[in-house]
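Here's the structure we're looking at; comments come further down.
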There are 2 protein chains.
Amino acid sequence: MEKLDDIDLKILRILQKNSKKTTKEVAQMLNLTASPVYERIRRLENKGYIKKYVALLDKIQLNRPITAVCMVSLRYHNEGFIDKFESQIKELKEVQECYHMAGKVDFFLKINLQSLDAYHEFVRLKLSKIENIGVLESYFVLKEIHSTTEFFI
Amino acid sequence: MEKLDDIDLKILRILQKNSKKTTKEVAQMLNLTASPVYERIRRLENKGYIKKYVALLDKIQLNRPITAVCMVSLRYHNEGFIDKFESQIKELKEVQECYHMAGKVDFFLKINLQSLDAYHEFVRLKLSKIENIGVLESYFVLKEIHSTTEFFI
DNA sequence: TCTGAAACCTATAAACT
DNA sequence: AGTTTATAGGTTTCAGA
């Protein structure tokens, strides 16, 4: 599979919206039979175009209503310090996303918690335990306007 | 279902990691038979704890390597202006996430594109066409340290 | 709420166009 | 690359504990 053809892209568009669609249903949408669609999906998985299949949960119902975005700048920027920061962040289960950024801020973190109080404790007990954090600026999500795992392909 | 019990939570933890696990496999992990697990998953879906099932794709292989975070502040903050901004943002397929924030910045956007050039064009042709944007600050992801759709439950 | 059995359907593979 | 056919195994339902 050197390049994806139009059918592959259509399959990916369908599955990133709803991975519970059966091979048969996808095949019908594409005017094909199940076998070729089955083979294509297998290839897309094996080649890594599809990384995984997951259930997306409702954070409100699961009592994780608070989403915070943290902008972090390190004090020291040696390779060792950066690697250590990254590995320490990965230990924190509350951190959903962590990106190393270009620009005046070093890292963006997205954090999910049950309450503002829990955020306070999170910063006090966990983030502050990570050495080498120079500046820490917190922002809170008031409302999720739009959020998807889909890519525009 | 008033509250989730321990078995429900275990099911959710499994499915948010890998929704391809069969009912039977999940049942085995919990020392149960398929039937009760099947019923529980159905209930978790119907009650909205599980919102949807999706395939997560590889943005690099799909040629969307650039992730930008945009911080936007509006010029005017009347209800009408905010609603209009939000509905215009939802039209932009490149925007994966948009949050209304508390603090000195009004919105965070996460945008996925094929190149920095495409980002330039995106700002020039699409974002700038949205009226009422006061300040627009762009950050680029150098490296994804950690990214998951899972909640810590 | 669970177990276990039965019916049904899908995933998967093989043989062929 | 696709269709058709065959079958193992999972999904789904339900009676009973």
Side-chain angles (χ1 to χ4, degrees), chain A residues 1-64 148-153, chain B residues 1-64 148-153:
Chain A
M1 187 193 285
E2 303 75 29
K3 236 186 130 304
L4 301 182
D5 66 14
D6 195 45
I7 295 174
D8 292 320
L9 284 175
K10 282 176 181 164
I11 291 172
L12 291 176
R13 285 188 200 113
I14 292 167
L15 294 181
Q16 74 171 168
K17 273 194 198 309
N18 177 9
S19 61
K20 280 295 173 187
K21 282 242 184 291
T22 63
T23 307
K24 206 176 171 183
E25 286 173 321
V26 175
Q28 278 164 0
M29 294 170 77
L30 304 178
N31 291 318
L32 284 170
T33 52
S35 303
V37 173
Y38 172 77
E39 298 288 355
R40 280 168 181 270
I41 292 174
R42 263 289 128 82
R43 250 186 308 142
L44 291 166
E45 289 167 4
N46 293 334
K47 294 287 182 183
Y49 291 93
I50 296 173
K51 290 198 294 187
K52 59 195 302 202
Y53 297 93
V54 302
L56 299 182
L57 308 185
D58 186 318
K59 64 175 162 224
I60 303 297
Q61 290 208 62
L62 290 166
N63 195 31
R64 296 291 180 278
T148 182
T149 55
E150 292 172 38
F151 293 106
F152 180 41
I153 55 172
Chain B
M1 187 192 287
E2 303 75 29
K3 234 185 132 302
L4 301 182
D5 65 14
D6 195 46
I7 296 174
D8 292 320
L9 284 175
K10 282 176 180 165
I11 291 172
L12 292 176
R13 285 188 200 112
I14 292 167
L15 294 181
Q16 74 172 167
K17 272 195 198 308
N18 177 8
S19 62
K20 279 296 174 188
K21 280 242 183 294
T22 64
T23 306
K24 208 177 173 182
E25 287 172 321
V26 175
Q28 278 163 359
M29 295 170 77
L30 305 178
N31 291 318
L32 284 169
T33 52
S35 307
V37 172
Y38 173 78
E39 298 288 354
R40 279 167 182 273
I41 293 174
R42 265 289 128 78
R43 251 185 307 140
L44 292 166
E45 289 167 3
N46 292 334
K47 295 285 183 184
Y49 290 93
I50 296 172
K51 289 199 293 185
K52 59 195 302 201
Y53 297 93
V54 301
L56 299 182
L57 309 185
D58 186 314
K59 66 177 162 224
I60 304 297
Q61 291 210 60
L62 290 166
N63 195 30
R64 297 291 181 277
T148 180
T149 55
E150 292 172 38
F151 293 106
F152 180 40
I153 53 171

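Note that the coordinates shown come from a computational prediction; the quantities given were computed from them, not determined experimentally. Each chain gets a letter, A, B and so on, in the order its sequence line appears, and its residues count up from 1.
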Inset, instruction - Measure from CD1 on A/I7 to C1' on D/dT3 and round the result to the nearest Å. - result: 14 Å
Legend entry - Euclidean distance, atom NZ of residue A/K24 to atom P of C/dT12 [Å, nearest integer]: 15 Å
Inset, instruction - May I have the distance from A/N31 (atom CG) to D/dA1 (atom C1'), rounded to whole angstrom? - result: 16 Å
Inset, instruction - Kindly indicate whether the side chain of B/S35 and the base of D/dT13 share any N or O donor-acceptor pair separated by less than 3.5 Å? - result: yes
Legend entry - Closest nucleotide among D/dG2, D/dT13, D/dT11 to the B/T22 side chain: D/dT11
Legend entry - Heavy-atom check, side chain of B/T149 versus side chain of B/V54, under 4.5 Å: no
Inset, instruction - For residues A/M29 and A/K21, determine if any side-chain heavy atom of one lies less than 4.5 Å from a side-chain heavy atom of the other. - result: yes
Inset, instruction - Quickly work out the A/L4 CG to D/dA1 P distance and round it to whole Å. - result: 12 Å
Legend entry - Flag side-chain contact, heavy atom, 4.5 Å: A/K52 against B/N18: no
Inset, instruction - Give the rounded distance in Å between these two atoms: CD of A/E39 and C1' of C/dT12. - result: 8 Å
Inset, instruction - Looking only at side-chain atoms of B/P36, point me to the closest of D/dT13, D/dT3, C/dC2. - result: C/dC2
Inset, instruction - To the nearest 0.5 Å, tell me how far A/L56 CG sits from B/S19 OG. - result: 8.5 Å
Inset, instruction - Taking only the side-chain nitrogens and oxygens of A/R42, find out if one of them lies under 4.0 Å from OP1 or OP2 of C/dA11. - result: no
Inset, instruction - Test the B/K59-A/F151 pair against the cation-pi criterion, namely NZ or CZ under 6.0 angstrom from the six-membered ring centroid and within 45° of the ring axis. - result: no
Inset, instruction - Specify the separation, in whole Å, of atom CD of B/Q28 and atom P of D/dG9. - result: 13 Å
Inset, instruction - Rounded to the nearest angstrom, tell me the gap between atom CD1 in A/I11 and atom P in C/dA11. - result: 13 Å
Inset, instruction - Select one nucleotide: of D/dT11, D/dG2, C/dT12, the one nearest the side-chain heavy atoms of B/Y38. - result: D/dT11
Inset, instruction - Using a 4.0 Å heavy-atom cut-off across all strands, classify A/T33 as base, sugar-phosphate, or nothing. - result: base
Legend entry - Sugar-phosphate only, base, or nothing, as touched by B/L30 at under 4.0 Å among non-hydrogen atoms: nothing
Inset, instruction - Measure the distance from CZ on A/R40 to P on D/dT3 and round it to the nearest whole Å. - result: 10 Å
